[in-house]
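Note that the structure is a prediction, hence the values are computed from the model and not measured. Numbers restart at 1 for each chain; the letters A, B, ... are given by sequence-line order, proteins then strands.
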Amino acid sequence: MTVITRFAPSPTGYLHIGGARTALFNWLFARHHKGKFLLRIEDTDRERSTEDAVRAILEGLRWLELDWDGEPVFQFARASRHAEIARGLLAQGKAYHCYCSPAELTEMRERARAEGRSPRYDGRWRDRDPKDAPPDIKPVIRFKAPQSGETVVEDLVQGRVAVANAELDDMVLLRADGTPTYMLSVVVDDHDMNITHAIRGDDHLTNAFRQTQLFLACDWQPPRYAHIPLIHGADGAKLSKRHGAVALDAYATLGLLPEAMRNYLLRLGWSHGDDEIIPTQQAIQWFGLEAVGRSPARFDMEKLLSLNAHYIKEADPKILLPPVTARIETTLGRPLDTTERARLDAALPGLRPRAQTMIEIADGALFLFRTRPLTLDAQAAKLVSAEARRLLGLVGQALAALPAWDNASLEACVRTSAEGAGVKLGAIAQPLRAALTGSTVSPGIFDVMAALGREEVLARIGDLTNS
RNA sequence: GUCCCCAUCGUCUAGAGGCCCAGGACGGCGGCCUCUCACGCCGCAAACGGGGGUUCGAAUCCCCCUGGGGACGCCA
């Protein structure tokens, strides 16, 4: 049997990390089993579903590089199919019309809560004669759920979970306006799409009982369920739109690598011994539901960043350069020319180990493109004493006469100058750093010189020594 | 309130009765390296929520408590 999973977000908000992890787990599970990973947009809530949200979700998945099979299914487009199932259930006596008004239902819940009972629908139309129907109210169709016995879900993550059917009330299948509810749509779609494994957030666990009963009523086989624990915010509460659930594209903007994000998300709730660095290909080989934990996890930006730093160090320059260049050009407000691109290229190896994000690479590279004379920051300015200028003059001369301009030659040259002047390397390297970068923090000074090129180096030194 | 789920360092986790006076990672602290800052390397502090059982033996199994979370919509 081919494994078929699905990611089924509702387009009522942006894709956040919780949803992203759910998508990732479904994707990994499908890829591991060489099955299919489908995408279904649950847009049956016409009030709140938006085009923008759909776009954001698709973009988020693309950024994460989680490719889905086939075309996305838009749930609302299948509404008539869902309604047909509801009417079929009605015809079979497995569902019934309910004429309660919203106000009546609210009152029912409030009273139940006040009396310490669970706020459920009390089934008052379940066995009532249709002749009692008030003429002015359009009914909803409710599912006639079993009232005794228990419903069991053999969850692939949570294990066996059972609930007394007395706890389940008769949920609405079709709204008064004839549109299907989520509960109906998921069941029909999961069946029609041949979903074999439904991997979703823990918050759906109670829905699984209701959905199981609906599957049974339709004589269908429910999918295997796997309810993964939620990701909580730093305060331990569920992530929501207004609660630290930063949209996925915010992380892209921060300069994170999708590979790092996948690795981080994977380790939230899933483990493979002590392994921490797990590239995606490895994850596909190893992933399984048995190793998913059952307790909720908190989101930790620091760890994500450290993983990102790791992947930045290993990344192919080809994938780093475009976003870094774009960021630099935005900051500068102009495009980089060929010489500047070459400088960036040369400086990249020195920049990488110092950055946790691509933004930090870009910011760290800015000194390469500053116009002369450089403005020195306060710390750097302090380094350029009269004595330092004298030393800079000496290195400047030595550098001007240097035949080669590679890292090793530069180092030899500067070291020789330092020895000649009877000072330690630092006494020259630091003023040099100030002169060349305007700062006291930068990649290795020989890397800086190599990236900048002879002309620019001599000019920047000259700016401080010729005055 | 009712039902369901969860519970190991600050955080993510390893641990499926003896290998654990609990291991790894991030973060923290200290050191080494060193032209600055990083990287890297070395080291340190840091946890089995509490109480009862079961067992020769429990972080691991059972019960209770406590604490967290989730669900109770004509939202998904």
Participant: In whole Å, I'd like the distance from the NE2 atom of A:H232 to the P atom of B:G68.
Facilitator: 13 Å
Participant: Considering only atom C1', compute the distance from B:A47 to B:C20 and round it to an integer number of Å.
Facilitator: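 Between the two C1' atoms, the distance is 13 Å.
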Participant: Of the nucleotides B:C12, B:C35, B:C74, which one has an atom closest to the side chain of A:A429?
Facilitator: B:C35
Participant: Classify the nucleic acid contact of A:S439 as base, sugar-phosphate or nothing, counting any heavy atom under 4.0 Å across all strands shown.
Facilitator: nothing
Participant: Does the structure show a Watson-Crick or G-U wobble partner for B:U54, both distances under 3.5 Å? Name it, or say none.
Facilitator: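 When the pairing criteria are applied, nothing turns out to pair with B:U54, so the answer is none.
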Participant: Could you tell me whether the side chain of A:D274 has a donor or acceptor atom within less than 3.5 Å of a complementary atom in the base of B:G23?
Facilitator: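 Donor-acceptor pair under 3.5 Å: yes.
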Participant: In whole angstroms, how far is the P atom of B:U13 from the CD1 atom of A:I228?
Facilitator: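 Distance check: A:I228 CD1 to B:U13 P gives 12 Å.
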Participant: Should the pair A:R21 and A:F25 be classed as cation-pi, given the thresholds of under 6.0 Å to the six-membered ring centre and 45° from the axis?
Facilitator: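 Yes; both conditions hold, so A:R21 lies above the ring face of A:F25.
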Participant: Answer yes or no: is there an ion pair linking A:R40 with A:E42, defined by an N-O contact shorter than 4.0 Å?
Facilitator: yes
Participant: Rounding to an integer number of angstrom, what distance separates B:G67 and B:A16 when you compare their P atoms?
Facilitator: 31 Å
Participant: Roughly how many Å apart are B:C44 and B:G49, using the P atom of each and rounding to a whole number?
Facilitator: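 Taking atom P in both B:G49 and B:C44, they lie 25 Å apart.
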Participant: Categorize A:R415 for me: base, sugar-phosphate, or nothing, with a 4.0 angstrom heavy-atom threshold over every strand shown.
Facilitator: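 Since only primed, P, OP1 and OP2 atoms lie under 4.0 Å of A:R415, the category is sugar-phosphate.
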Participant: Expressed in whole Å, how much space separates the C1' atoms belonging to B:G69 and B:G17?
Facilitator: 30 Å
Participant: Which nucleotide, if any, forms a Watson-Crick or G-U wobble pair with B:G27, using both distances under 3.5 Å?
Facilitator: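 Paired with no nucleotide.
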Participant: Taking any heavy-atom pair under 4.0 Å as a contact, classify A:G444: base, sugar-phosphate, or nothing.
Facilitator: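 Answer is base: heavy atoms of A:G444 come under 4.0 Å of a base.
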Participant: Using purine N1 to pyrimidine N3 plus N6-O4 or O6-N4 for Watson-Crick, or N1-O2 and O6-N3 for G-U wobble, both under 3.5 Å, which nucleotide pairs with B:C21?
Facilitator: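 Matched B:C21 with nothing under the 3.5 Å cut-off.
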Participant: Return the 5'-most residue of the pair A:D202, A:L174 with respect to RNA chain B, ranking by each residue's nearest nucleotide.
Facilitator: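 Closest to the 5' end, via its nearest nucleotide, is A:D202.
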Participant: Using whole Å, what does the distance between atom P of nucleotide B:C3 and atom CZ of A:R109 come to?
Facilitator: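 Taking CZ of A:R109 and P of B:C3, I get 19 Å after rounding.
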Participant: Looking across every strand, which nucleic acid part, if any, lies under 4.0 Å from A:V140 by heavy atom: base, sugar-phosphate, or nothing?
Facilitator: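 Result for A:V140 = base.
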Participant: Just name whichever nucleotide pairs with B:A7, Watson-Crick or G-U, keeping both distances under 3.5 Å, else none.
Facilitator: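 The base-pairing partner of B:A7, which may sit in any strand shown, is B:U66.
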Participant: For a quick check of understanding: with a heavy-atom distance under 4.0 Å over all strands, which category does A:T440 fall into, base, sugar-phosphate or nothing?
Facilitator: base
Participant: Between B:U66 and B:G50, how far is it from one C1' atom to the other, in whole Å?
Facilitator: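 To the nearest whole Å, 7 Å.
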Participant: Any base atoms under 4.0 Å from A:P229, or only sugar-phosphate, or nothing? Heavy atoms, all strands.
Facilitator: nothing
Participant: Counting only Watson-Crick pairs (N1-N3 plus N6-O4 or O6-N4) and G-U wobbles (N1-O2, O6-N3), all under 3.5 Å, who is the partner of B:A71?
Facilitator: B:U2
Participant: Measure all distances between protein nitrogen or oxygen atoms and nitrogen or oxygen atoms of nucleotides 6-11 of chain B, and list the pairs falling under 3.5 Å.
Facilitator:
{"unit_1": "B:C6", "atom_1": "OP1", "unit_2": "A:R294", "atom_2": "NH1", "d": "3.0"}

Participant: So which atom in A:P431 and which in A:L383 form the shortest heavy-atom distance, rounded to 0.1 Å?
Facilitator: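 Smallest interatomic distance, heavy atoms only, reads CG-O, 4.2 Å.
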Participant: With a 4.0 Å cut-off on heavy atoms, is A:G269 in touch with a base, just the backbone sugar-phosphate, or nothing at all?
Facilitator: sugar-phosphate
Participant: NA contact type, A:R48, heavy-atom cut-off 4.0 Å: base, sugar-phosphate, or nothing?
Facilitator: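 The residue A:R48 makes base contact.
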Participant: Using only side-chain N and O atoms of A:T181, determine if any of them is under 4.0 Å from OP1 or OP2 of B:C74.
Facilitator: no
Participant: Between A:N308 (CG) and B:A25 (C1'), how many Å, whole number?
Facilitator: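 Going from A:N308 (CG) to B:A25 (C1'), I get 16 Å.
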Participant: Between A:D275 (CG) and B:G24 (C1'), how many Å, whole number?
Facilitator: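 Taking atom C1' of B:G24 as the reference, CG of A:D275 is at 9 Å.
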Participant: B:A25 P sits how many Å from A:L266 CG, rounded?
Facilitator: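 Distance, rounded to whole Å: 18 Å.
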Participant: So that I can tick it off, tell me whether A:D155 and A:R160 are bridged by a salt bridge, with the cut-off set at under 4.0 angstrom between side-chain N and carboxylate O.
Facilitator: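 Salt bridge flag = no for A:D155 with A:R160.
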Participant: Separation of A:L383 atom CG from B:C37 atom C1', in whole Å?
Facilitator: 13 Å
Participant: Which residue lies toward the 5' end of RNA chain B, A:D45 or A:R354, if each is placed at its nearest nucleotide?
Facilitator: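 The answer here is A:R354.
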Participant: Measure from the side-chain heavy atoms of A:P102 and tell me the nearest of B:A71, B:C74, B:A76.
Facilitator: B:C74
Participant: A:D169 has an atom CG; how far is it from atom C1' of B:G73, in whole Å?
Facilitator: 10 Å
Participant: Donor-acceptor pair under 3.5 Å: do we get one between A:R120's side chain and the base of B:C72?
Facilitator: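 Answer is no: no donor-acceptor pair is held.
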Participant: Hey, is A:H204 stacking on B:A76? Ring centres under 5.5 Å, planes under 30°.
Facilitator: yes
Participant: Reckon A:F446 touches a base, only the sugar-phosphate, or nothing at all at heavy-atom distances under 4.0 Å?
Facilitator: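 Base contact - A:F446 has a heavy atom under 4.0 Å of at least one base atom.
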Participant: Looking at side-chain heavy atoms only, is the closest gap between A:I278 and A:R262 below 4.5 Å?
Facilitator: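 A side-chain contact is absent here, since even the closest heavy-atom pair is not under 4.5 Å.
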Participant: Tell me, with the steps shown, if A:T465 and A:R389 meet side chain to side chain donor-acceptor pair (under 3.5 Å).
Facilitator: CA-CA 6 Å; A:T465 55; A:R389 282 172 205 261; over 6 Å; no
Participant: Specify whether A:H227 and A:Y225 have parallel, tilted or perpendicular ring planes, treating 30° as the upper limit for parallel and 60° as the lower limit for perpendicular.
Facilitator: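 Correct class here is parallel.
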Participant: Can you check whether A:F299 and A:H232 have ring centres sitting under 6.0 Å from each other?
Facilitator: no
Participant: For the pair A:D189 and A:H82, evaluate side chain to side chain donor-acceptor pair (under 3.5 Å) and give the outcome as yes or no after the intermediate values.
Facilitator: CA-CA 8 Å; A:D189 286 348; A:H82 304 155; 2.8 Å; yes
Participant: Within the structure shown, what part of the strands sits under 4.0 Å from A:K313 by heavy-atom distance: base, sugar-phosphate, or nothing?
Facilitator: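 Sugar-phosphate, no base atom in range.
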Participant: Rounding to the closest angstrom, what is the interatomic distance between B:A45 and B:U36 at atom P?
Facilitator: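 About 30 Å, rounded to a whole number of Å.
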Participant: Base, sugar-phosphate, or nothing for A:C100, non-hydrogen atoms under 4.0 angstrom?
Facilitator: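 Base, at least one base heavy atom under 4.0 Å.
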Participant: Please find the pair of heavy atoms, one from A:T50 and one from A:A53, that lie closest to each other, and give the distance.
Facilitator: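 Looks like OG1-N, 3.0 Å.
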Participant: Using a strict threshold of under 4.0 Å (side-chain N to carboxylate O), is an ion pair present between A:R87 and A:E84?
Facilitator: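 Salt bridge: no.
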Participant: Classify A:N207 by what it touches in the nucleic acid, base, sugar-phosphate, or nothing, heavy-atom distance under 4.0 Å.
Facilitator: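 The answer is base, as A:N207 lies within the cut-off (heavy atoms under 4.0 Å) of a base atom.
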Participant: Among B:G70, B:C35, B:C5, find the nucleotide with the atom closest to the side chain of A:T206.
Facilitator: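 So the side chain of A:T206 is nearest to B:G70.
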Participant: Ring centres under 6.0 Å, that's the criterion: do A:Y99 and A:W125 meet it?
Facilitator: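 Here the rings of A:W125 and A:Y99 have centres that are less than 6.0 Å from each other.
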Participant: Could you tell me how far B:A38 sits from B:U13 if I compare only their P atoms? Round to whole Å.
Facilitator: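 The answer is 29 Å between these two P atoms.
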Participant: Taking the same atom, C1', in B:C26 and in B:C21, what whole-Å distance lies between them?
Facilitator: 25 Å
Participant: At under 4.0 Å between heavy atoms, what does A:I445 touch on the DNA or RNA strands: base, sugar-phosphate, or nothing?
Facilitator: base
Participant: Could you check which of B:A76, B:C26, B:C12 has an atom nearest any side-chain atom of A:T44?
Facilitator: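 Of all the options, the side chain of A:T44 is nearest to B:A76.
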Participant: Which base, if any, makes a Watson-Crick or G-U wobble pair with B:A14, both distances under 3.5 Å?
Facilitator: none
